[in-house]
Number of protein chains: 2
Amino acid sequence: MTGSRRSSCPVACTLDLIGDRWTLVVVRDLLFGKTRFAELLESPEGIATNILADRLHRLEEAELVERIPSETHRARGSYRLTLRGESLRPVLKAVMTWGLAHLPGTRMPSPPR
Amino acid sequence: MTGSRRSSCPVACTLDLIGDRWTLVVVRDLLFGKTRFAELLESPEGIATNILADRLHRLEEAELVERIPSETHRARGSYRLTLRGESLRPVLKAVMTWGLAHLPGTRMPSPPR
DNA sequence: CGGGATCCGTCTTGATACTG
DNA sequence: CAGTATCAAGACGGATCCCG
């Protein structure tokens, strides 16, 4: 995933940002209220630590996520979606709705709000 | 892209199907009315022939696309979205809407219907 | 010539081990 | 706990080859 802008198409350019198998899973978890690295790791999909770190960095770079460092412990920051990041909710909703309707066996884990 | 189902989450499972940088671009073109291999190749993003063939096969396997062989020329088939494939339209719409709203410089090429 | 398949070098991904 | 380092496996991209 290079992230390079390939065209002026809103679909292709958005996919440059979130078009991979992990980014939207991370966004999903953040939308569901998770904030810490370890929490994000716990999801049943089993994302690897380096992939999670990479995706969080990319999302930060795209200003979809911000990292909030802790004042007490230096290595205990948390991650939150920016407003821009939260605006991905309709995209996630559409993906989730499609999955629920067309992939038997899938179900909602907990309220996405 | 392995395509293996990793969880029961509708988001993660949907991403197993369409979570990469090319699949939704192909679906976009099919929704826009393109039907032939060569047409799909012409898009400004510049997909490689092997990648396009691979994505079409995967989409066929997932029953999102069907290949319709020509009666006259045997090597002149066309591809069309199935009903199931067309049902991805809201997902594509959400992605496109997000891109138009948040990625400056992106614009619609031609009516998506 | 159109519609792919195959080969191959490069870049990305992901599992695991390791560190502050 | 929160990542980084390492390294094998796989995906990408493009050039070419092949077949009707």
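In what follows, chains are A, B, ... by sequence order, proteins preceding strands, each numbered from 1. All values derive from a computational prediction rather than experimental measurement.
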For the pair made of NE2 in B/H57 and P in C/dG3, what is the distance, rounded to whole Å? 13 Å
Examine distances only and state if a side-chain atom of A/T35 and a backbone atom of A/Y79 form a donor-acceptor pair shorter than 3.5 Å. no
For the pair made of CZ in A/R21 and P in C/dT12, what is the distance, rounded to whole Å? 18 Å
Round to a whole Å and report the spacing from CG of B/L41 to C1' of C/dG2. 10 Å
Close N or O pairs between protein and nucleotides 15-17 of chain C (under 3.5 Å):
residue : atom : partner : partner atom : Å
C/dA15  : N6   : A/N50   : ND2          : 2.3

Would you say CZ of B/R80 has more than 12 non-hydrogen atoms from neighbouring residues, nucleotides or ligands within 6.0 angstrom? no
Looking at A/R21 and B/D16, is any side-chain nitrogen of the basic one under 4.0 Å from a carboxylate oxygen of the acidic one? yes
A/D16 CG - D/dC12 C1' separation (whole Å): 14 Å
Starting at atom CG of A/D54, determine the distance to atom C1' of D/dT4, rounded to an integer number of angstrom. 12 Å
Will you find, in the side chains of A/S7 and B/E45, an N or O donor that is under 3.5 Å from an N or O acceptor? yes
Could you list the residues that satisfy side chain to side chain donor-acceptor pair (under 3.5 Å) with A/R84, not counting sequence neighbours? none
Is it true that a side-chain atom of A/T106 and a backbone atom of A/G99 form a donor plus acceptor pair closer than 3.5 Å? yes
note: B/R58, atom CZ; D/dG10, atom C1'; distance rounded to Å ~ 11 Å
If only side-chain N and O atoms of B/R55 are considered, is one of them under 4.0 Å from the OP1 or OP2 phosphate oxygen of D/dA11? no
Taking only side-chain N and O atoms of B/R36, does any of them lie within less than 4.0 angstrom of OP1 or OP2 on C/dC1? no
B/L83, CG: over 12 other non-hydrogen atoms inside 6.0 angstrom: no
Ignoring the backbone of B/F37, work out which of C/dG3, D/dT4, D/dA11 is nearest its side chain. C/dG3
Between A/L52 (CG) and D/dG3 (P), how many Å, whole number? 8 Å
Separation of B/L40 atom CG from C/dG3 atom P, in whole Å? 10 Å
